[in-house]
There are 2 protein chains.
Amino acid sequence: MALQQDIKVAVDAVVFGYESKGNLSVLLIKRGVEPFKNTWALPGGLVLEDESLEAAVKRELKEETGVTIDYLEQLYTFGKPKRDPRNRVISISYFGLVRPNHFKIKADTDADEAKWFSVNDLPKLAFDHKTIFNTALKRLKAKLLYQPIGFDLLSAEFPFSDLEHLYATILGEDIDRRNFRKKIMSFDFVEETNKIAQQGSGRPAKLFKFNKKKYDALLNDGFYFDIKFV
Amino acid sequence: MALQQDIKVAVDAVVFGYESKGNLSVLLIKRGVEPFKNTWALPGGLVLEDESLEAAVKRELKEETGVTIDYLEQLYTFGKPKRDPRNRVISISYFGLVRPNHFKIKADTDADEAKWFSVNDLPKLAFDHKTIFNTALKRLKAKLLYQPIGFDLLSAEFPFSDLEHLYATILGEDIDRRNFRKKIMSFDFVEETNKIAQQGSGRPAKLFKFNKKKYDALLNDGFYFDIKFV
DNA sequence: TATATTTGTGTTAATACTACACAAAATAAA
DNA sequence: TTTATTTTGTGTAGTATTAACACAAATATA
């Protein structure tokens, strides 16, 4: 066959941020080079020759924003011939969910600036990154309904309302507090502690904790969390 | 940045075959060139410079097996540095489901031979194609439970048992005929005709047909088919 | 004519989901 | 110090869905 092929391979990361009482946000960089210089974009870049895709996306993320993240899930591969005006670049996209205040954002040479943006108030994005973002948000919401992925984002011990708020924020809609609580508790991997939150106003809340061991055991058994009703 | 990168981009197709009373099968080619010469592999190959990923996978499939298919869904992108012994190749994999007897299988120069194999009796596969296959099978089963993807595989008018059999075959387990029928009929896109099957033994069956219009309308409304119980 | 095969059909019990409101415990304000 | 505000914690009843289950009818085949 002996076919000449010159296609570049890139990775892009859609990193969502959530923190208590906060909004859902996404991490963007302002591009420091052409094309799309000074336009906001998803962090990402070309894969090195001997580097796995996962390693590449984590490296780029680290370089461009200072954020290190250990779980990113592959989202989709975008490969339209003209998605990059320079030459053919296919992009394997990943997404993840973190607590923004765990990181000190820090841009490097390729990226002038890195910043969290509320998902409800995004700037114009470079390339087809809006499409990638939309795909990621849709997937994040869908995933939340059958896997309680949000627990990493809470404190080790948290009031139940934090979890409610997380779901409501990501899904972008209110949930029935009683039904939600019943459902989550039925899974049996959230446990009540005997501690009480140091609180602001209102009745003080019991603190709960996530039993990762039980959760992982269930996952391994192929258990399927059905939070669809929310 | 000016980074030299020489990574090849390939696509691979996991094409499942099902036909009435048949097994679930998958389309493989016997490689005619090194590496893995004479080993069975998924059809696929390098993407051309100005060709979309979807176009590439359809083209390769056509070239290597003679099968044309209009709906392939992106599955996953495999990119471990050493997955191809020659040089770095990442593969974007796709999967689809067809009726084998709709096609005359025909190999070309790159592939000595193309053949359907029962998924329960696969030969050793080249590269990481076994992993790709496993991923595809898992996804196919999962998908079947929330989208009735199998209707394309049936005759335009089919006895209900054909549909039952399709589900049982793909899922690899028996289903409750009554409950399954009730569930499917509740979706309201399968309609009874007044025709009767020309049959073999047993009580003759009414023929049903799939109302694609209704189905598409539901899909567009974001409807979610829940066949999870099967 | 008897046997085997396949289709067609309904009910009941158990489970899961939805919708909904108010008292209790604390802080903040008057 | 009293009152208002905020937030937590909790139960039930009606509805819908699921799961489990068996036998008669219609035909082909032996």
Side-chain angles (χ1 to χ4, degrees), chain A residues 19-22 144-146 148 154-155 157-169 171 173-209 218 223-230, chain B residues 19-22 144-146 148 154-155 157-169 171 173-188 190-210 218 223-230:
Chain A
E19 49 202 329
S20 277
K21 314 286 164 180
L144 201 65
L145 296 184
Y146 66 89
L154 304 176
S155 309
E157 300 187 326
F158 55 89
F160 216 92
S161 57
D162 273 15
L163 188 58
E164 279 166 34
H165 185 257
L166 183 149
Y167 268 77
T169 301
L171 297 175
E173 55 188 283
D174 283 354
I175 58 182
D176 183 300
R177 286 169 53 233
R178 273 183 289 192
N179 291 341
F180 179 74
R181 187 159 173 156
K182 266 182 290 183
K183 183 78 170 207
I184 294 288
M185 292 313 279
S186 77
F187 295 145
D188 214 44
F189 51 70
V190 170
E191 290 166 1
E192 197 172 323
T193 69
N194 48 15
K195 298 189 196 145
I196 300 284
Q198 306 308 318
Q199 76 284 350
S201 83
R203 174 173 174 173
K206 290 179 205 151
L207 294 180
F208 292 79
K209 66 180 177 187
L218 284 173
F223 188 76
Y224 186 84
F225 305 102
D226 217 337
I227 323 182
K228 249 209 277 39
F229 76 89
V230 188
Chain B
E19 47 202 332
S20 278
K21 313 286 163 180
L144 200 66
L145 297 184
Y146 66 88
L154 305 176
S155 310
E157 301 187 325
F158 55 88
F160 216 92
S161 55
D162 273 14
L163 189 58
E164 280 165 33
H165 184 256
L166 184 149
Y167 268 77
T169 301
L171 297 175
E173 56 188 282
D174 283 355
I175 58 182
D176 182 300
R177 286 168 54 232
R178 273 182 287 191
N179 290 341
F180 179 73
R181 187 158 173 155
K182 266 182 288 182
K183 184 78 168 207
I184 294 289
M185 292 312 280
S186 78
F187 296 145
D188 214 43
V190 170
E191 290 165 1
E192 196 172 323
T193 69
N194 49 16
K195 298 189 196 145
I196 300 283
Q198 306 309 319
Q199 75 283 351
S201 82
R203 175 173 173 172
K206 289 179 204 152
L207 295 180
F208 292 79
K209 67 180 177 188
F210 178 51
L218 284 173
F223 189 75
Y224 187 84
F225 306 102
D226 219 337
I227 323 181
K228 248 209 276 40
F229 76 90
V230 188

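Chain naming here is simple, since letters A, B, ... match the order of the sequence lines and numbering starts at 1 in each. This one's a predicted model, so the numbers in the text were calculated from it and none came from an experiment.
- OP1 or OP2 of dT18(D) sits under 4.0 Å from a side-chain N or O of Lys183(B).
- For Ile196(B) and dT7(C), the CD1 to C1' distance is 10 Å, given to the nearest whole Å.
- For the segment residues 188-195 of chain A, the set of residues with a heavy atom within less than 4.0 Å of an atom of DNA chain C is empty.
- Considering only side-chain N and O atoms, Lys206(B) lies under 4.0 angstrom from the phosphate OP1 or OP2 of dT9(C).
- Distances were taken from every side-chain heavy atom of Arg178(B) (C-beta onward) to each of dA25(D), dA25(C), dT9(C); the shortest belongs to dT9(C).
- Side-chain N or O atoms of Lys183(B) include one that pairs as donor or acceptor with a backbone N or O of Asp226(B) at under 3.5 Å.
- Relative to the side chain of Asn179(B), the nucleotides dA19(D), dT18(C), dA25(C) differ in distance, and dA19(D) lies closest.
- Contact check, Lys182(B) against dG8(C): no side-chain N or O comes under 4.0 Å of OP1 or OP2.
- Residues meeting the ring pair (Phe, Tyr, Trp, His ring centres under 6.0 Å) test with Phe187(B), sequence neighbours left out: Phe189(B), Phe225(B).
- For the atom pair OG1 (Thr169(A)) and CD (Glu164(A)), the distance works out to 11.0 Å, reported to the nearest 0.5 Å.
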For nucleotides 27-30 of chain C, tabulate all protein N/O to nucleotide N/O atom pairs closer than 3.5 Å, reporting atom names and distance.
none

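- Between Ile175(B) atom CD1 and dC21(D) atom P there is a gap of 17 Å when expressed in whole angstrom units.
- Leu145(B) places its CG atom 13 Å from the P atom of dT18(D), with the value rounded to the nearest Å.
- Rounded to whole Å, the distance from CG on Asp176(B) to C1' on dC21(D) is 8 Å.
- Closest non-hydrogen pair, Pro204(B) versus Ala197(B), comes out as CB-O, 4.3 Å.
- Residue Phe180(B) contributes atom CZ, which lies 14 Å from atom P of dA19(D) at whole-angstrom precision.
- One N or O donor and one acceptor, one from the side chain of Arg203(A) and one from the base of dT8(D), sit under 3.5 Å apart.
- Separating the CE atom of Met185(B) from the P atom of dT7(C) is a distance of 15 Å, rounded to the nearest angstrom.
- If you measure from atom CG of Asp174(A) to atom P of dC20(C), you get 14 Å, rounded to the nearest angstrom.
- For dT7(D), the OP1/OP2 oxygens have no side-chain nitrogen or oxygen of Ser161(A) closer than 4.0 Å.
- Here the straight-line distance linking atom CD of Gln198(A) with atom CG of Leu207(A) works out to 8.0 Å at 0.5 Å rounding.
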Go through Asp188(B) and Leu218(B) one step at a time and tell me if the side chain to side chain contact (heavy atoms under 4.5 Å, CB included) criterion holds.
CA-CA 10 Å; Asp188(B) 214 43; Leu218(B) 284 173; 5.7 Å; no
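- Scanning all heavy atoms of the two residues, the minimum distance from Phe158(A) to Lys209(A) falls at CE2-CA, 4.0 Å.
- Atom pair Arg177(B):CZ and dT7(C):P shows a separation of 6 Å (rounding to whole Å applied).
- Rounding to the nearest 0.5 angstrom, the gap separating the CD1 atom in Ile196(B) from the CZ atom in Arg203(B) is 9.0 Å.
- For the pair Phe208(B) and Met185(B), the tightest heavy-atom approach, listed with the atom from each and the gap, is CE2-CE, 4.0 Å.
- Place Pro204(B) and Pro159(A) on DNA chain D by their nearest nucleotides, and Pro159(A) ends up nearer the 5' end.
- To the nearest 0.5 Å, the span separating CG on Asn179(A) from CD1 on Ile184(A) amounts to 11.5 Å.
- Taking 4.0 angstrom as the limit, Arg181(A) places a side-chain polar atom (N or O) nearer than this to OP1 or OP2 of dG9(D).
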